[in-house]
Peer 1: 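Have a look at this one before I ask anything.
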Amino acid sequence: MKKLISPALLLIFFALSAIGHYAHWSATLEFIISAIAVILVAGFLGRATESVAHYAGQRLGGFLNATFGNAAELIIAIMLVREGLFDMVKASITGSIIGNLLLVLGLSLFAGGIKHKVQKYNVTLAGMNGSLMIVAIIALFVPAIFLQTHVLHEEDRSTLSLVVAGVLIVAYILWLIFSMITHKNHLADISEKDAEELPHEHAPTWSKGKSILYLVIATVMVAFVSEWLVHTLDTLTADFGLSELFVGAFVVAIVGNAAEHSAAIMLAMKNKIGAAVEIAVGSSLQIALFVAPVLIFVSHLFGNPMDIVFTVIELAAIGVSVFIAKSITQDGQTNWFEGVLLLAVYIILGVSFYLV
């Protein structure tokens, strides 16, 4: 019976979201239904990704989970770019980065640490992730500093944005080659031999072909629900007096991160902290090094160019998130109190963004 409830709820809320959009229900009701639909679809996406991960291994599985988990955020962001809501796009990118580094990672370390006291994973991978996070910060800080201090002319904004975006995409692709191919064994997860088995780990519910098919179906569903959700944001922001910064950085980001939340926490509790960190940190890196740069190029295709210059508030939020996350993860071992520290920083930022 339980197996039937979840798909039924998913289909009901997906249908209600479609009806609400095309029947022009109130923006608040549309947003609530669409947000629930996105979360349910993200959960379905997470299950399909987890099933694929069984066939692919922990690291590749974590990468796939982060990638398909980010599909919702990427699609929402593309819809926002098409609408010309660049401030909300940048806020959602900011929210995705800090949400994964602080909320998803924090909850994972806390839940995993409560059950397993101390959890260890590959320290070399931790160091590489930290270095990549620093590169992401540099890539976001440099254009803002050079353009806002008027060292560069305004007409150079688009050129610099495209160059930085291109460099980041190339760096991310090379990182995937390094971590997944040339140095795969060097970055292997040391906790794998101690990890507990996940339910049905040796007999996944779905076959490999069916899992891949469900990944595609879930991604298409996310595309539709995300578009319906985006259309409610303008009215919602005005009705409740919320800033685009808060809505983008926390509301949209939390909804979009639903898949990563559940998957990372579950893996951490099963002592697969390496995979949990790969989902949380890997997802943030993917947003900063790939998704954000891709959006720059997509905006040019739409004929309405977006730059890569973030506000001081957004840069500060990303900066402190990277600083605390790197500090906590660089030794290759975690505990529940480190999760509390990450969550504390997330709450401080959340309240600050709300009051803007």
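All values below were derived from every heavy atom in this structure, side-chain atoms included, with hydrogens, water molecules and symmetry-related copies excluded.
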Peer 1: Do Val322 and Val312 sit in the same hydrophobic cluster, where Ile, Leu, Val, Met, Phe, Trp and Tyr count as joined when their side-chain heavy atoms come under 4.5 Å apart?
Peer 2: no

Peer 1: How many angstroms lie between atom CD1 of Ile32 and atom CG of Leu229, to the nearest 0.5 angstrom?
Peer 2: 11.5 Å

Peer 1: I'd like to know if the side chain of Ser92 reaches the main chain of Val89, judged simply by a donor and an acceptor atom lying under 3.5 Å from each other, with no hydrogens or angles considered.
Peer 2: yes

Peer 1: Run the numbers on Glu314 and Leu140 for side chain to side chain contact (heavy atoms under 4.5 Å, CB included), then give the verdict.
Peer 2: CA-CA 10 Å; Glu314 290 164 341; Leu140 295 179; over 6 Å; no

Peer 1: Measure the CE-CG distance between Met79 and Leu85 for me, rounded to the nearest 0.5 Å.
Peer 2: 13.0 Å

Peer 1: With a 4.5 Å limit on heavy-atom distance, are the side chains of Leu160 and Asp156 in contact?
Peer 2: no

Peer 1: Hey, does the side chain of Ser283 reach the backbone of Ala280 with a donor-acceptor pair shorter than 3.5 angstrom?
Peer 2: no

Peer 1: Name the atoms and distances for all side-chain donor-acceptor pairs under 3.5 Å in residues 161-171, with sequence neighbours left out.
Peer 2:
| unit_1 | atom_1 | unit_2 | atom_2 | d |
| --- | --- | --- | --- | --- |
| Ser161 | OG | Arg157 | O | 2.8 |
| Ser161 | OG | Ile308 | N | 3.0 |

Peer 1: Considering the options Val123, Leu105, Asn129, which one meets the side chain to side chain contact (heavy atoms under 4.5 Å, CB included) requirement together with Thr329?
Peer 2: Leu105

Peer 1: Is there a side-chain contact between Phe178 and Met128, using heavy atoms and a 4.5 Å cut-off?
Peer 2: yes

Peer 1: Got a sec, which pairs hit salt bridge (Lys or Arg N to Asp or Glu O under 4.0 Å) with one end in residues 79-100, sequence neighbours left out?
Peer 2: Arg82-Glu227, Lys90-Asp307

Peer 1: Pairs of donor and acceptor atoms involving the side chains of residues 9-22, under 3.5 Å and at least two apart or interchain, shall be tabulated with distances.
Peer 2:
| unit_1 | atom_1 | unit_2 | atom_2 | d |
| --- | --- | --- | --- | --- |
| Ser17 | OG | Ser34 | OG | 2.9 |

Peer 1: What are the two closest non-hydrogen atoms of Ser321 and Leu349, and how far apart are they?
Peer 2: OG-CD1, 3.7 Å

Peer 1: Would you say Val281 and Val320 are hydrophobically clustered, going by side-chain heavy atoms of ILVMFWY under 4.5 Å?
Peer 2: yes

Peer 1: The criterion is ring-ring contact (aromatic ring centres under 6.0 Å, His included); which residues satisfy it with Phe310, sequence neighbours excluded?
Peer 2: none

Peer 1: If two hydrophobic side chains count as joined below 4.5 Å and joins carry through other members, does Ile173 share a cluster with Ile181?
Peer 2: yes

Peer 1: Show the numbers, then the answer: is there a side chain to side chain contact (heavy atoms under 4.5 Å, CB included) between Ile93 and Val291?
Peer 2: CA-CA 8 Å; Ile93 290 170; Val291 173; 5.5 Å; no

Peer 1: To the nearest 0.5 angstrom, please state how far the CG atom of Leu295 sits from the CZ atom of Phe290.
Peer 2: 10.0 Å

Peer 1: Identify the two heavy atoms, one from Phe86 and one from Asn304, that lie closest to each other, and give their separation to 0.1 Å.
Peer 2: CZ-O, 3.0 Å

Peer 1: Can you tell me how far the CD1 atom of Ile98 sits from the CD1 atom of Ile287, to the nearest 0.5 Å?
Peer 2: 12.0 Å

Peer 1: To the closest 0.5 Å, what do you measure between CG (Leu40) and CD1 (Ile36)?
Peer 2: 7.5 Å

Peer 1: Is the distance between the ring centroids of Tyr354 and Phe246 under 6.0 Å?
Peer 2: yes

Peer 1: Partners of Gln333 by side-chain contact (heavy atoms from CB on, under 4.5 Å), sequence neighbours excluded?
Peer 2: Val118, Lys120, Asp331

Peer 1: Could you tell me if the side chain of Thr232 sits less than 4.5 Å from the side chain of Trp228, heavy atoms only?
Peer 2: no

Peer 1: Kindly give the heavy-atom pair with the smallest separation between Trp25 and Leu29, and that separation in Å.
Peer 2: CE3-CD2, 3.9 Å

Peer 1: What's the shortest heavy-atom distance between Leu315 and Ala144, and which atoms?
Peer 2: CD1-CB, 3.5 Å

Peer 1: Can you give each donor-acceptor pair under 3.5 Å made by side-chain atoms of residues 335-348, sequence neighbours left out, with the distance rounded to 0.1 Å?
Peer 2:
| unit_1 | atom_1 | unit_2 | atom_2 | d |
| --- | --- | --- | --- | --- |
| Asn335 | OD1 | Phe337 | N | 3.1 |
| Asn335 | OD1 | Glu338 | N | 3.1 |
| Glu338 | OE1 | Asn335 | N | 3.4 |

Peer 1: Would you give the length of the straight line joining atom CD1 of Ile296 to atom CE of Met306, rounded to the nearest 0.5 angstrom?
Peer 2: 4.0 Å

Peer 1: Between Ser284 (side chain only) and Ile97 (backbone N and O only), is there a donor and an acceptor less than 3.5 Å apart?
Peer 2: yes

Peer 1: So which heavy atom on Pro293 is nearest to which on Ala288, and how close?
Peer 2: CD-O, 3.5 Å

Peer 1: Are Ile138 and Phe323 joined in one hydrophobic group, where the rule is that I, L, V, M, F, W and Y side chains link up if heavy atoms are under 4.5 Å apart?
Peer 2: no

Peer 1: Is it the case that more than 12 heavy atoms not belonging to Phe297 sit under 6.0 Å from its CZ atom?
Peer 2: yes

Peer 1: Between Met269 and Lys115, what is the shortest heavy-atom contact and its length?
Peer 2: O-CD, 3.3 Å

